[in-house]
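Numbering starts at 1 and runs along the sequence shown. Because the structure is predicted, anything quoted here is derived from the model rather than measured. The figures here come from the full heavy-atom set of this structure, side chains too, leaving out hydrogens, waters and symmetry mates.
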Amino acid sequence: QVQLAESGGGWVQAGASLKLSCAASGRTVGWYAMGWFRQAPGKEREFVAAVGWSGITILYGESVKGRFTISRDSAKSTVYLQMNNLKPEDTAVYYCAARPGNVATRVVRDYADWGQGTQVTVSS
């Protein structure tokens with residue numbers, strides 16, 4: 001099992017940037033694919049971005065492509081989500097997730113370990 005802790009959320013105005021961090025601990029986190037998901041009130045959890053353990057495979061959700069960037073620092077066991085040009089529709093709780101192996105996916109149920117989430121609020 002991997003323990004995940006997100007940070008970096010907050011309140012910003014539209015057009016601003018935020019950088020989320022996810023610190024991982026527990027098993028050999030370097031061998032895990034990592035993902036970011038988000039959930040707005042009354043909506044299902046939505047895929048945002050994911051990266052394989054090698055850092056080569058990177059996936060993005062269509063709504064964030066070109067604005068968000070996922071990266072990982074294996075030495076620090078940390079995954080980041082740089083969010084630029086934020087929009088009100090990006091408002092949600094953002095969750096970090098991990099799954100064993102190098103295959104990053106867009107599917108919520110593929111990820112076994114989840115953080116507690118960090119709130120991102122974007123005002124217009």
Are the side chain of N102 and the backbone of S54 linked by a donor-acceptor contact shorter than 3.5 Å?
yes
If the condition is side-chain contact (heavy atoms from CB on, under 4.5 Å), which residues does A16 pass it with, not counting sequence neighbours?
V12
Checking the side chain of R99 only, and the main-chain atoms of G35 only, is there a donor and an acceptor separated by less than 3.5 Å?
no
Does T105 have any side-chain hydrogen bond (donor to acceptor under 3.5 Å, both in side chains) partners at least two apart in sequence or in another chain, and if so, which?
D110
side-chain hydrogen bond (donor to acceptor under 3.5 Å, both in side chains) against Y94, all qualifying residues, sequence neighbours excluded:
R38
Are the side chains of S123 and W11 in touch, meaning some heavy atoms are under 4.5 Å apart?
yes
Over all atoms of both residues, closest heavy-atom pair of Q3 and G26:
OE1-CA, 3.5 Å
Minimum heavy-atom separation for A33 and V103, please, with both atom names.
CB-O, 3.5 Å
Holding to side-chain hydrogen bond (donor to acceptor under 3.5 Å, both in side chains), I want the full list of residues that pass it with Q39, two or more places apart in sequence or in another chain.
R45
Check: V48 and L81 side chains under 4.5 Å, non-hydrogen atoms
yes
Taking all non-hydrogen atoms of both residues into account, name the closest pair between A92 and Q119 and its distance.
O-NE2, 3.4 Å
May I have all residue pairs that pass disulfide bond (SG atoms under 2.5 Å apart) and include part of residues 61-92, sequence neighbours excluded?
none
Can you name the residues that form a side-chain contact (heavy atoms from CB on, under 4.5 Å) with K65, not counting sequence neighbours?
Y60, E62
Do I58 and L20 share a hydrophobic cluster, counting only Ile, Leu, Val, Met, Phe, Trp and Tyr and linking them when any side-chain heavy atoms are less than 4.5 Å apart?
yes
Passes side-chain contact (heavy atoms from CB on, under 4.5 Å), Y32 versus V51? Steps please.
CA-CA 9 Å; Y32 280 69; V51 58; over 6 Å; no
With S17 via side-chain hydrogen bond (donor to acceptor under 3.5 Å, both in side chains) - residues at least two apart
N84
Sequence neighbours excluded, which residues qualify as side-chain contact (heavy atoms from CB on, under 4.5 Å) partners of S71?
Y80
Residues clustering with V108 (ILVMFWY side chains joined when closer than 4.5 Å, directly or via others)
F37, F47, L59, V93, Y95, Y111, W114
Partner set under side-chain contact (heavy atoms from CB on, under 4.5 Å) for P88, not counting sequence neighbours
A14, V122, S124
Scan residues 81-124 for pairs that pass disulfide bond (SG atoms under 2.5 Å apart), counting only residues two or more places apart or in two chains.
C22-C96
Inter- and intrachain pairs under disulfide bond (SG atoms under 2.5 Å apart), touching residues 38-89, at least two apart:
none
Are the charged groups of D90 and R67 less than 4.0 angstrom apart, N to O?
yes
Under 4.5 Å between any side-chain heavy atoms of M83 and V120, yes or no?
yes
Would you give the length of the straight line joining atom CD of Q13 to atom OG1 of T121, rounded to the nearest 0.5 angstrom?
12.5 Å
Looking at side-chain heavy atoms only, is the closest gap between L86 and F68 below 4.5 Å?
yes
